Amino acid sequence: MARLTKYLKLLFHVTILVLINYFIKNQKQIRIEKKIERYIPDIKHILMWTKLPSVEEEGQKYFISHNCHHINCYFTSNRSFFVDLRYFDAIVFNVQDISSQSSDLPEVRSIVQKYIFAANDSSDNYPICSPVYDNYFNWTWTYKPDSSIPYKFISVYNQHQEELGNNILWDKFETIPVTKQFKSSLSSKSAAAAIYLDKCITSSKREVFLNKLKICLATYNLTVDVFGPCGTMKCGRTSLKSCYYRIRTTYYFYLALEDSIADDYITQSVLFGYNNLAVPVVLGGVKYNKYLPPYSYVDAKLLGEKLTAKLIYEAIQNKTKYYEFFNWRNHYTIKESTVLDACSVCQFLNNEGWLKTGTVYTTFREWWNPNYIERCNRFGLTAKLQF
Ligand SMILES: *[C@@H]1O[C@H](CO)[C@@H](O)[C@H](O)[C@H]1NC(C)=O
Ligand SMILES: *[C@@H]1O[C@H](CO)[C@@H](O)[C@H](O)[C@H]1NC(C)=O
Ligand SMILES: *[C@@H]1O[C@H](CO)[C@@H](O)[C@H](O)[C@H]1NC(C)=O
Ligand SMILES: *[C@@H]1O[C@H](CO)[C@@H](O)[C@H](O)[C@H]1NC(C)=O
Ligand SMILES: *[C@@H]1O[C@H](CO)[C@@H](O)[C@H](O)[C@H]1NC(C)=O
């Protein structure tokens with residue numbers, strides 16, 4: 001009997017313990033929107049909720065090694081760095097994670113800290129579907145020009161080495177014929193076009209366009225050589241870099257087809273053409289005339305596969321026409337920019353005005369991708385499983 005009482009007593013205690021645990025757990029999910037004093041006021045602590053693709057270094061290293069204007073920022077991906085998440089000045093969320101889940105998120109939040117949405121990829125590849133993220137982020141750090149902290153994949157400079165902004169108004173430049181020397185650097189070219197592909201199925205359906213273009217080019221006896229994992233051609237190693245020399249010496253055109261069609265989304269792929277003296281044939285969601293000098297590229301989305309093939313053929317036949325694609329070089333230079341440049345985040349965190357102004361993206365999903373409803377539905381089963 002005494003044994004049974006003892007047993008019942010134990011059971012009772014265990015039940016109480018389980019119940020207490022349950023209540024504590026539930027309690028935790030309630031957001032405490034409370035201000036918390038930071039104890040190291042001159043260092044800005046930034047938590048990467050999950051690792052960012054472009055920022056490998058923890059601590060202040062990034063800011064020092066990149067010669068940032070402000071270096072009093074500290075990156076970590078250690079969520080237990082402080083006893084409380086609210087000590088962080090900012091928490092950075094990575095698009096790849098946010099797009100695929102909405103359960104692994106901080107349980108407490110301070111009203112003075114900044115939640116930053118960071119994206120190194122397009123809104124079409126990674127739409128945000130969960131309503132949790134509306135009214136969630138204070139700042140955005142993406143390629144979209146109207147982000148709080150915008151960055152670029154490529155930048156255009158004028159002759160005075162001044163970086164040009166968005167919606168560039170191009171100078172009317174007269175056509176200075178390219179020099180003999182320059183022509184000779186193009187003289188070894190013998191094949192129409194190349195492309196390097198490492199993503200074989202894309203939401204821009206560039207693989208479909210590519211096949212159509214190949215058919216049209218075939219009527220002119222021209223071909224496209226596909227390098228990389230999705231093609232049959234190899235240039236030494238498997239990386240794109242090992243193809244640069246081949247592109248420069250052999251191909252008239254480089255196909256810079258984006259893997260997704262999204263507003264303002266133009267990646268470094270055009271540079272594989274520009275930097276290797278192969279005229280880029282572009283396909284993407286941007287208005288290319290706002291981003292690239294006139295007559296420096298062929299807009300395949302605008303022209304369609306038939307006219308694109310015709311233009312490629314004509315330019316190969318008529319060298320005067322081909323050389324015209326290089327005239328812009330007397331007036332502009334195009335360079336790769338730092339994707340997700342963390343210097344600018346540190347700069348923003350050092351600006352009292354920006355810091356104090358409370359901002360929040362109320363209709364965030366729509367801001368990121370105006371087409372998100374349709375795009376999230378296209379995710380179909382995946383969306384249902386994950387949200
Ligand atoms: C963004 O980062 C991921 C992960 O590192 C990478 O696989 C992807 O190619 C990047 N996207 C772009 C457009 O650079
Ligand atoms: C995270 O930070 C805490 C507190 O500074 C430390 O005790 C812990 O070892 C760190 N974890 C890792 C994985 O660095
Ligand atoms: C393509 O090649 C075929 C056979 O070599 C030839 O008959 C045809 O005229 C060529 N077409 C063009 C447009 O050069
Ligand atoms: C070659 O191209 C130039 C420049 O576009 C043009 O003026 C010329 O008429 C073309 N020549 C032929 C033979 O089509
Ligand atoms: C950040 O966003 C949250 C959530 O909407 C809001 O409550 C808070 O006031 C904002 N804080 C700052 C500093 O912008």
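Note that the structure is predicted; figures quoted are calculated from it, not measured. Reckoned from all heavy atoms, side chains included, excluding hydrogens, waters and symmetry mates.
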| message | Checking I116 against V345 for the side chain to side chain contact (heavy atoms under 4.5 Å, CB included) test, could you report, in this order, the C-alpha distance in whole Å, the side-chain angles of both residues, the deciding distance, and whether it holds? | response | CA-CA 9 Å; I116 305 176; V345 173; 4.1 Å; yes
| task | Check the pair L292, I266 against side chain to side chain contact (heavy atoms under 4.5 Å, CB included), reporting the backbone distance first and the verdict last. | result | CA-CA 10 Å; L292 303 175; I266 172 173; 4.1 Å; yes
| When you look at C73 and C68, which way does the disulfide (SG to SG under 2.5 Å) test go after all the steps? | CA-CA 10 Å; C73 288; C68 299; over 6 Å; no
| request: Could you give me the CA-CA distance, side-chain angles and deciding distance for S123 and Y372, then say whether side-chain hydrogen bond (donor to acceptor under 3.5 Å, both in side chains) is met? | output: CA-CA 9 Å; S123 62; Y372 79 95; over 6 Å; no
| How far apart are the C-alpha atoms of N158 and E162, what are their side-chain angles, what is the distance that settles it, and do they pass the side-chain hydrogen bond (donor to acceptor under 3.5 Å, both in side chains) test? | CA-CA 6 Å; N158 64 15; E162 292 160 341; 2.8 Å; yes
| query | Passes side chain to side chain contact (heavy atoms under 4.5 Å, CB included), T76 versus F88? Steps please. | reply | CA-CA 10 Å; T76 180; F88 287 104; 3.6 Å; yes
| task | Would you please test Y291 and D264 for side-chain hydrogen bond (donor to acceptor under 3.5 Å, both in side chains) and show each step? | result | CA-CA 9 Å; Y291 286 88; D264 301 301; 2.7 Å; yes
| said: Under the criterion side chain to side chain contact (heavy atoms under 4.5 Å, CB included), I'd like the reasoning laid out for V282 against K301: C-alpha separation, chi angles, the key distance, then a yes or no. | reply: CA-CA 7 Å; V282 296; K301 191 150 172 276; over 6 Å; no
| message | Please evaluate residues Y251 and D225 with respect to the criterion side-chain hydrogen bond (donor to acceptor under 3.5 Å, both in side chains), reporting the C-alpha separation (whole Å), side-chain torsions for both, the decisive distance (0.1 Å), and the verdict. | response | CA-CA 9 Å; Y251 297 95; D225 288 345; 2.5 Å; yes
| request: Quick one: do W328 and Y295 satisfy ring pair (Phe, Tyr, Trp, His ring centres under 6.0 Å)? Show the steps, please. | output: CA-CA 7 Å; W328 66 273; Y295 220 77; over 10 Å; no
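Under the 6.0 Å distance and 45° angle rule, K144 counts as a cation-pi partner of W367.
Inter-residue side-chain proximity for L210 and L197 is flagged as met; some heavy-atom pair is nearer than 4.5 Å. The shortest distance between side-chain heavy atoms of R365 and P131 falls below 4.5 Å. Put simply, the side chain of I154 reaches to within 4.5 Å of the side chain of L271, judged on heavy atoms. Annotation: side chain of N166 is not in contact with side chain of K290 (no heavy-atom distance under 4.5 Å).
Across every non-hydrogen atom of P106 and L85, the tightest pair is CB-CD1, 3.7 Å. Between I247 and K189, the shortest heavy-atom distance links the atoms O-NZ, 3.6 Å. When all heavy atoms are compared, the tightest approach of K234 to G228 is NZ-O, 3.9 Å. In terms of heavy-atom proximity, N351 sits nearest to G353 at OD1-N, 2.9 Å. Among all heavy-atom pairs drawn from S148 and T140, the shortest one is OG-N, 2.8 Å. Closest of all the heavy-atom pairs between W141 and I149 is CD1-O, 3.1 Å.
Aromatic rings of W368 and Y133 (six-membered ring for Trp) have centroids beyond the 6.0 Å cut-off, not under it. With ring centers used as reference points, Y265 lies under 6.0 Å from F153. Less than 6.0 angstrom separates the ring centroid of F63 from the ring centroid of F75.
With values rounded to the nearest 0.5 angstrom, R246 atom CZ is found 4.0 Å from F227 atom CZ. Note that OG of S102 and CG of D97 are 12.0 Å apart. Values are rounded to the nearest 0.5 Å. Rounded to the nearest 0.5 Å, atoms CD1 (I46) and CG (L52) are 10.0 Å apart. With rounding to the nearest 0.5 angstrom, the NZ atom of K205 is 10.0 Å from the CD1 atom of I261. Atom-to-atom distance recorded for L349:CG and Q113:CD is 11.0 Å, nearest 0.5 angstrom. Atom-to-atom distance recorded for I215:CD1 and E305:CD is 8.5 Å, nearest 0.5 angstrom.
The aromatic rings of Y143 and Y151 sit perpendicular to each other, their planes meeting at more than 60°, with 30° as the lower class boundary. Ring-plane geometry between Y62 and H66 is classed as parallel, the angle between the planes falling under 30 degrees on a 0 to 90 degree scale with a further cut at 60. Using a 30° and 60° split on the angle between ring planes, Y322 and Y252 fall in the perpendicular class, above 60°. Ring orientation note: the planes of H45 and Y74 are tilted relative to one another, at an angle of 30° to 60°.
Counting heavy atoms of neighbouring residues, nucleotides and ligands inside a 6.0 Å radius, atom NZ of K306 does not exceed 12 of them.
Looking at N120 and Q96, their side chains do bring a donor and an acceptor atom within 3.5 Å of each other. For the 3.5 Å distance criterion, the side chains of S260 and S203 fail to qualify, holding no donor opposite an acceptor. Donor-acceptor pairing under 3.5 Å is lacking for the side chains of N138 and Y361. N371 and E374 share a side-chain donor-acceptor pair at under 3.5 Å. Side chain to side chain, T250 and S190 fail the donor-acceptor criterion of an N or O pair below 3.5 Å.
Test F137, W49, Y136 against Y115 for ring-ring contact (aromatic ring centres under 6.0 Å, His included) and you get one pass: Y136. With respect to S296, the side chain to side chain donor-acceptor pair (under 3.5 Å) criterion is satisfied by exactly one of Y274, W170, Y288: Y274. Across F325, F326, Y323, a single residue satisfies ring-ring contact (aromatic ring centres under 6.0 Å, His included) together with F182, and that is F326.
With R206 contributing its side chain and A256 its backbone, the two residues share no donor-acceptor pair below 3.5 Å. Under a 3.5 Å cut-off, the side chain of R375 and the backbone N or O of D124 do form a donor-acceptor pair. Formation of a donor-acceptor pair under 3.5 Å by the Q347 side chain with backbone atoms of H70 is not found in this model. At least one donor-acceptor pair closer than 3.5 Å links the side chain of D134 to the backbone N or O of F364. Remark: side-chain polar atoms of N350 are paired, donor with acceptor, to backbone N or O of C346 under 3.5 angstrom. When atom types are taken as modelled, the side chain of K51 and the backbone of M48 share no donor-acceptor pair closer than 3.5 angstrom.
A salt bridge between R86 and D84 is present, with a side-chain N of the basic residue lying under 4.0 Å from a carboxylate O of the acidic one. Ion pairing between R79 and D104 holds under the 4.0 Å rule for side-chain N and carboxylate O. Salt-bridge annotation for D89 and K114: absent, with no side-chain N of the basic residue lying under 4.0 Å from a carboxylate O of the acidic one. Here K199 pairs with D259 in a salt bridge; the nearest charged N to carboxylate O distance falls below 4.0 Å.
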